[in-house]
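The block underneath contains the structure these notes are about, expressed in structure tokens.
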Amino acid sequence: MSPIEYRSQTPEPQEFVALRAVAGMSTNTIAAAEVGLSNSWYAVCVRVGSVLIGIGRIIGDGGCAFQIVDVVVHPQYQGQGIGYGIMERLMTALHNNAPASAYVSLIADGNAHRLYSKFGFNFTAPASVGMALRL
């Protein structure tokens, strides 16, 4: 079996959509993924050979605001620290390349807040609350 490899790269739209689907996350069209992925500020892919088993991305304006999105690991590989490895790389990219005054946000689904808190993320409530709209 091939080793697990982390790469600083954006996934292909088809594999991105497929991985999110197999992990039970909301899906996008291939056309939406093509546009969205090409506008990533930073992305990391985790692969076993050529197979995508994990992703994480940072989007934002490059100066003031950044958001960590699409942190997902294939169900067969969950619980092995891969999500932590993805976050390590995303946070390193932010610390090395984003302004010190940048605001970094994310949405934590389920128990993912346990992972994100290890990297300094805190709940924003009651000062503010997250809101979303899916078209």
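Note that this is a predicted model, so its numbers are computed, not measured.
No side-chain heavy atom of C45 sits less than 4.5 Å from a side-chain heavy atom of F16. No side-chain heavy atom of N39 sits less than 4.5 Å from a side-chain heavy atom of I59. Looking at heavy atoms from C-beta onward, V17 lies in side-chain contact with I30 at the 4.5 angstrom threshold.
Follow the hydrophobic side-chain contacts under 4.5 Å out from I55 and you never reach I4; the two are in separate clusters. Put simply, I58 and M87 are part of the same group of oily side chains (I, L, V, M, F, W, Y) that touch within less than 4.5 Å, one to the next. Note: the hydrophobic cluster containing V73 also contains V71 (ILVMFWY, side chain heavy atoms under 4.5 Å, direct or indirect links). A continuous path of hydrophobic side-chain contacts links F66 to L106 [ILVMFWY only; heavy atoms under 4.5 Å]. No continuous path of ILVMFWY side-chain contacts below 4.5 Å connects M25 to I107, so the two sit in separate hydrophobic clusters.
Note that CG of L19 is 13.5 Å distant from CD of E12, once rounded to the nearest 0.5 Å. Rounding to the nearest 0.5 Å gives a distance of 11.0 Å between NE2 of H95 and CG of L90. Here the straight-line distance linking atom CD1 of I82 with atom OH of Y6 works out to 5.0 Å at 0.5 Å rounding. The NE2 atom of H74 sits 11.5 Å away from the CD atom of Q80 when rounded to the nearest 0.5 Å. From K118, atom NZ reaches atom CG of L115 across 6.5 Å, with rounding to the nearest 0.5 Å. Annotation: the span from N96 atom CG to M91 atom CE amounts to 11.0 Å, rounded to 0.5 Å.
Within the structure, the side chain to side chain donor-acceptor pair (under 3.5 Å) test picks out the following pairs touching residues 22-38 (sequence neighbours left out): R20-S26, S26-R134. Sequence neighbours left out, the pairs with a member in residues 40-50 that pass side chain to side chain donor-acceptor pair (under 3.5 Å) are S8-Y42, Q9-R47, E15-R47, S40-R57.
In this structure, the salt bridge (Lys or Arg N to Asp or Glu O under 4.0 Å) partners of E5, at least two apart in sequence or on a different chain, are R7.
The minimum heavy-atom distance between P11 and L37, with the atom names listed, is O-CD1, 3.4 Å. Among all heavy-atom pairs drawn from V48 and S2, the shortest one is CG1-O, 3.5 Å. Of all the heavy atoms in G62 and P99, the pair that sits closest is O-CD, 4.1 Å.
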Side chain to side chain contact (heavy atoms under 4.5 Å, CB included) between I86 and V46, worked out: CA-CA 8 Å; I86 291 169; V46 185; 3.6 Å; yes
Check against side chain to side chain contact (heavy atoms under 4.5 Å, CB included), V104 and F121: CA-CA 9 Å; V104 182; F121 287 88; 3.8 Å; yes
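Classified by interplanar angle (parallel below 30°, tilted 30° to 60°, perpendicular above 60°), the ring pair Y84/F119 is tilted.
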